[in-house]
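Handing you this structure, nothing more for now.
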Amino acid sequence: MPICSIQNSPPASFKHLIKYQKTRVTDELESLFDFLWLQHQRTNLERYAGPEQGGGIHSCTLLAIGILIALQNRTNLQLPTYVLKADLLQGYDLAWKDAVALHCKLAGVTGSFWLTLQASLLQDVCQVRLGPLIGNLLHVVDAGLAQGGRRAVHLFSALTRSLLDEVQRVAIGAAIGPNPLMVQAFVRCADRFSHEHPSVPKRNVLESFINNCSGCTLEVEFAAAVPTGTSATDLMHCLDILCPHSLLMVQYVDDLFAFQSTCSGLRRVCKGMNTLTHCWKHKFAGGRKGASVMTLGAPIPDAEQLETFDDKKPQVVSSLNILGARIDADLSLEDLVNHGVARYISESAALITTMTDLGLGIPHQVAQLNIRVKAAAFFNIELAASATMGWPQLARKLNAAQYTVLKRLLGADAVSFGPGGHHRVMMALGVSFRLSIQVAVQIAIARDCASCSRVRTCPRASAEGLVTVLPTRPTASV
């Protein structure tokens, strides 16, 4: 329950349980039951959600780093990449309870654990608050998960398994870590045949082509295996199938990112999302949180080339917010750094003004700058380790922003303290480390966490993927 009454009496032992407010006891017991239930079923739910779902398992920083590395890998090999971002509309609030119970059953939650889950879902209650007024208890019957519950993330991850299933029916992921010789041969053949307009290759021709390529080790052998007149789109599809690993989707609770090597593959992903909205009562957010597409090393698609899903067309953008990190199409990460620096300076100025008006001294202001402003402005700044500007320039930008803020604390915005002024201001305010050093420590900790985290690899795409990518076969449907 989000609302519960607070007793005015001091703490005492529970001699007469009936005299205490039941809402408090119920909330504490419910939290305990959620914790114990999740400890028993965590493995089943995480296995069912799949390696594509990172919510409740990895931090969003590590997932953003992994996505950036995958995009860098394809960019270095000069492979085109389409990145689609979508957000489930009010994921927790509109979560269909019957679907949650069904997916938990499919995940292996059986017996008393499934009955306990079903009973707790039917007993969810809430209260509506409007200013000082609090309404009566209302039973949440059809949809809705308690977002603050201990098991809510894992239950929602099991529910969104249907999204991955629908997309996997119609699309395969973009190749990650392919053989460079094979890539060079395919790119050369794609350049040779891209200006032609051949008929669609037969399915058996491409199947034999994939089988022939499986034993090739030289670039000449790969090029010789390509049938004459094969389109560049089919070559990219075959490369995705032949690659040891492919990346189709990454989910972080209700945020999802899909990766494709062709525009036709992107349309197929949108079709899979359409199926999800029709079968599982899901909706995707629109407006500011609407779906968007970013292209890397690929031609920008027109609006007519993009598939409409959930009555919305994805918007083509030049930079994408990936789990709080602004990543641009050329992977320079300048937007991430510049936005963080600008936000750090502006929000620091607002916080200093507010705390000064409240009569709080400089020591309190310095502490709150680190706790509130720095953490928010430089969220996921660990990705800036790959910025094309290099660490020296990045460190100068960070230190200059910190110097500006510290001078604002002293009320000396327009004053120049000369050489060594930054160090003297830090000593006067009791600041131990420059901002660049603090960011460097964050980067080092993120790398250590990545090296110690559990490895969850995506399965390799197989030749069965040809069922969904070749136009000679009908698209699989539910």
Side-chain angles (χ1 to χ4, degrees), residues 50 52-55 60 63-64 66-75 79-89 91 160-176 233 236-237 240 246-278 282-331 458 461 465 468-469 475:
E52 293 80 6
Q53 177 61 262
C60 59
L63 284 180
I67 292 174
L68 177 62
I69 292 175
L71 296 179
Q72 288 174 336
N73 174 266
R74 290 186 59 86
T75 302
L79 292 176
T81 308
Y82 295 85
V83 184
L84 171 67
K85 176 187 176 182
D87 184 15
L88 285 171
L89 177 64
T160 55
R161 170 70 195 193
S162 54
L163 172 61
L164 178 64
D165 291 339
E166 301 301 340
V167 174
Q168 282 182 337
R169 291 176 188 270
V170 295
I172 58 176
I176 300 296
T233 299
M236 290 297 105
H237 287 317
D240 295 338
S246 62
L247 182 62
L248 175 59
M249 288 185 62
V250 172
Q251 293 179 250
Y252 190 76
V253 193
D254 57 349
D255 293 330
L256 61 99
F257 305 90
F259 305 88
Q260 289 294 306
S261 57
T262 63
C263 190
S264 61
L266 188 65
R267 289 195 297 269
R268 293 179 180 275
V269 170
C270 294
K271 289 181 180 179
M273 293 181 177
N274 266 329
T275 305
L276 175 79
T277 59
H278 296 157
H282 284 299
K283 292 292 182 182
F284 289 94
R288 186 174 60 87
K289 291 187 176 181
S292 52
V293 175
M294 181 178 69
T295 61
L296 293 86
I300 299 177
D302 298 330
E304 293 77 12
Q305 294 179 289
L306 299 177
E307 184 76 17
T308 300
F309 69 96
D310 199 12
D311 298 329
K312 308 175 186 70
K313 268 192 179 294
Q315 181 183 2
V316 180
V317 296
S318 59
S319 61
L320 206 60
N321 190 329
I322 298 181
L323 300 176
R326 178 63 62 177
I327 297 181
D328 44 66
D330 55 359
L331 301 181
C458 297
T468 59
V469 300
T475 301

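Just so you know, these numbers use all the heavy atoms, side chains as well, and skip hydrogens, waters and symmetry mates.
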Q251 and L164, any side-chain heavy atoms less than 4.5 Å apart: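 Contact flag for L164/Q251 side chains = yes.
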L163 vs M249, side chain to side chain contact (heavy atoms under 4.5 Å, CB included): CA-CA, chis, key distance, verdict: CA-CA 10 Å; L163 172 61; M249 288 185 62; 3.9 Å; yes
L88 side chain near F284 side chain, heavy-atom distance below 4.5 Å: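 Touching, per the 4.5 Å side-chain cut-off.
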Within-4.5 Å side-chain heavy-atom neighbours: L331 and L68: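 Result yes, sub-4.5 Å side-chain heavy-atom pair found.
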Any T275 side-chain heavy atom under 4.5 Å of K271 side chain: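 They are not in contact (no side-chain heavy atoms under 4.5 Å apart), so the answer is no.
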Flag side-chain contact, heavy atom, 4.5 Å: L79 against S261: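 The answer is no; the side chains never approach within 4.5 Å.
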A64 to L323 - nearest heavy-atom pair and separation: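 The answer is N-CD1, 4.0 Å.
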Residues N321, R326; criterion side chain to side chain contact (heavy atoms under 4.5 Å, CB included); working and verdict: CA-CA 4 Å; N321 190 329; R326 178 63 62 177; 3.9 Å; yes
Donor-acceptor contact present, side-chain R74 to main-chain A175, <3.5 Å: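 Answer holds: yes.
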Any donor-acceptor pair under 3.5 Å from Q260 side chain to I172 backbone: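 Side chain of Q260 to backbone of I172: a pair is present.
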Side chain proximity check, Q168 to L248, heavy atoms < 4.5 angstrom: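 Yes, close enough: below the 4.5 Å cut-off.
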Sub-4.5 Å side-chain heavy-atom contact between K85 and V317: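 The answer is no; the side chains never approach within 4.5 Å.
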Any side-chain heavy-atom pair of P314 and L84 under 4.5 Å: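 Yes, close enough: below the 4.5 Å cut-off.
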